[in-house]
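These notes are about the structure you will find just below.
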Amino acid sequence: MSFFGKLKQRLMKSSSRIEEGLDSIIEEGGEVEEALAEPEEVTAPEPAAPEPAPEPGAEPELVPEAEAEPEPEAAPAAPEPVEPEPTPEPTKPEPVAEKPQPAAKPGLLGRIMGRKEAKPVVRRVLDDDMLESLEELLIASDMGVDTALRVTANIAEGRFGRKLSVEEIKRLLSDEIARIMDPVAKPLPLFPKKPQVVLVVGVNGSGKTTTIGKLASQFKAAGKSVVIAAGDTFRAAAVEQLQVWGDRAGVPVLTAPEGSDPASLAFDAMTKAEAEGADLLLIDTAGRLQNRADLMEELAKIVRVIRKKDETAPHNTLLVLDATTGQNALSQVETFQKLADVSGLVMTKLDGTAKGGVLVALADKFGLPIHAIGVGEQIDDLQAFDPEEFAKALTGLDA
Ligand SMILES: Nc1nc2c(ncn2[C@@H]2O[C@H](COP(=O)(O)OP(=O)(O)OP(=O)(O)O)[C@@H](O)[C@H]2O)c(=O)[nH]1
């Protein structure tokens, strides 16, 4: 199956919610029309006023731009999934006893013009009611009120009063979403610094451990040497889990006794990574938001300590977010931006959630780079974020 096909399959819940919603919106006030088989071209108008540019802080500041290697083509999460192509389903033989379809007669004009046969299409006039229904649908798919209003306003621009079909609306929606997402789709930048220190933050259960394991495995496959530091020293289970992932990825995991100082573990991990000439050091951290002051102090201390070894570290601070939390992901970004200098996002659990729209809201509101998306629990279920494919998968548009 193609990459797009897989993404669409995994984002099924999000896309089916939007698809079903669009179907009923158009059916509700639409009329059947005879349309030519070739769909009416729906060209997007000139993009509306550009969104405020993402804050300059979105780019890694700790390493001067000039030092950066070219954007990694094989950046983590970018390699094509290694799963073997599944053997194609045996094609079902056409049911022989199926009711014969009456041969469609071409219309008179069609025959004269030699055009293709017309197909009935339901179209609805884009009016205030339809726009309101669209807004509600987008809000229900976790796009957030502001983003939903902006997206629908841009769709309506220059098209108010025109008749649109489901396919046309899907395409417009998909184009609009891709336009919002395009600037944030950036692979994790790689720097010549050794080790490149990647601090991984996020609430408990967001998928930090899993993401670190997947990233380690992808970096390793790309020929990088990686060390992992199990910085959530307060939870033995979290450390064990990280060890399991380290084993799977074939990457050493540095641990410390339960309850010991995460900053001192981070320092030891830096020393080991430096001594071994490792390319990357991935540091897991605790995600206890219940006591923010403690967590802030803990993260600040980790940063202080690793800067004793490399004052430009950490080179990336990745915030891992769980897509199933929907709008809550927005407040997590706000919180973690106060706790740490978040440089990019990884959005996990996009498979099987109907809340995929939250990614659009995140991109629209914060403009932070989305480095990768998690689409399953397996080691290769971390994919590079492709805005167009995502937009098509989310809206249920066929590739
Ligand atoms: N379906 C799905 N599940 C995921 C994904 N990423 C992580 N998970 C699951 O989410 C659960 C939590 O993931 P962890 O990686 O342990 O999360 P964590 O943030 O490290 O959590 P703590 O160890 O509690 O701090 C696990 O059951 C993972 O298998 C994903 O992309 N898709």
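As the structure is a computational prediction, the values presented were derived from the model and not from experiment. Counting convention: from 1, in listed order, for ligands and their atoms alike.
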List every atom of ligand 1 that sits less than 4.0 Å from any heavy atom of [X], numbering the atoms from 1 in the order shown and giving each element.
{"X": "K208", "answer": "15 (O), 17 (O), 18 (P), 19 (O), 20 (O), 25 (O)"}
{"X": "G374", "answer": "31 (O)"}
{"X": "R235", "answer": "22 (P), 23 (O), 24 (O), 25 (O)"}
{"X": "V375", "answer": "31 (O)"}

Protein contact to [atom] [nearest heavy atom, distance to 0.1 Å]:
{"atom": "atom 25 (O) of ligand 1", "answer": "N204 ND2, 2.8 Å"}
{"atom": "atom 27 (O) of ligand 1", "answer": "E377 OE1, 3.6 Å"}
{"atom": "atom 17 (O) of ligand 1", "answer": "G207 N, 3.0 Å"}
{"atom": "atom 15 (O) of ligand 1", "answer": "T210 OG1, 2.5 Å"}
{"atom": "atom 20 (O) of ligand 1", "answer": "T209 OG1, 2.5 Å"}

So for [X], does at least one of its heavy atoms come nearer than 4.0 angstrom to any atom of ligand 1?
{"X": "G376", "value": "yes"}
{"X": "K349", "value": "yes"}
{"X": "G205", "value": "yes"}
{"X": "K214", "value": "yes"}
{"X": "V203", "value": "yes"}

(request) Take atom CD of E297 as the centre, draw a 6.0 Å sphere, and report whether it contains more than 12 heavy atoms from other residues, nucleotides or ligands. (result)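 Correct, the count exceeds 12.
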(message) Other residues, nucleotides and ligands only: do more than 12 of their heavy atoms fall within 6.0 Å of NZ on K309?
(response)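 For K309, atom NZ is crowded (more than 12 foreign heavy atoms under 6.0 Å).
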(request) Decide yes or no for T209 and W245: does some side-chain heavy atom of the first lie under 4.5 Å from some side-chain heavy atom of the second? (result)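 When only atoms from C-beta onward are counted, W245 and T209 do touch, with a gap below 4.5 Å.
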(message) In the structure I gave you, are the side-chain heavy atoms of F160 and V125 within less than 4.5 Å of one another anywhere?
(response) no
(request) Check whether the side chains of Q332 and N328 place a donor and an acceptor atom closer than 3.5 Å, and report yes or no. (result) yes
(message) Between N316 and Q196, is there a side-chain donor-acceptor contact under 3.5 Å, judged purely by atom types and distance?
(response) yes
(message) Using every non-hydrogen atom in the two residues, find where A269 and L281 come nearest and quote the distance to one decimal.
(response)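 Looking at all heavy atoms of both residues, the closest pair is CB-CD1, 3.9 Å.
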(request) Quick one: closest heavy-atom pair of R288 and E298, and the distance? (result)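 Taking every non-hydrogen atom into account, NH2-OE1, 3.1 Å.
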(message) My understanding is that we take every heavy atom of each candidate and find the minimum distance to atom 2 (C) of ligand 1. Doing that for T285, D322, D351, which one comes out nearest?
(response)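 Residue with the shortest heavy-atom distance to the ligand atom: D351.
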(message) Exactly one of D322, T324, T210 should register a side chain to side chain donor-acceptor pair (under 3.5 Å) with K349. Which one does?
(response) D322
(message) Once rounded to the nearest 0.5 Å, what's the spacing between atom CG of L188 and atom CG of L215?
(response) 7.0 Å
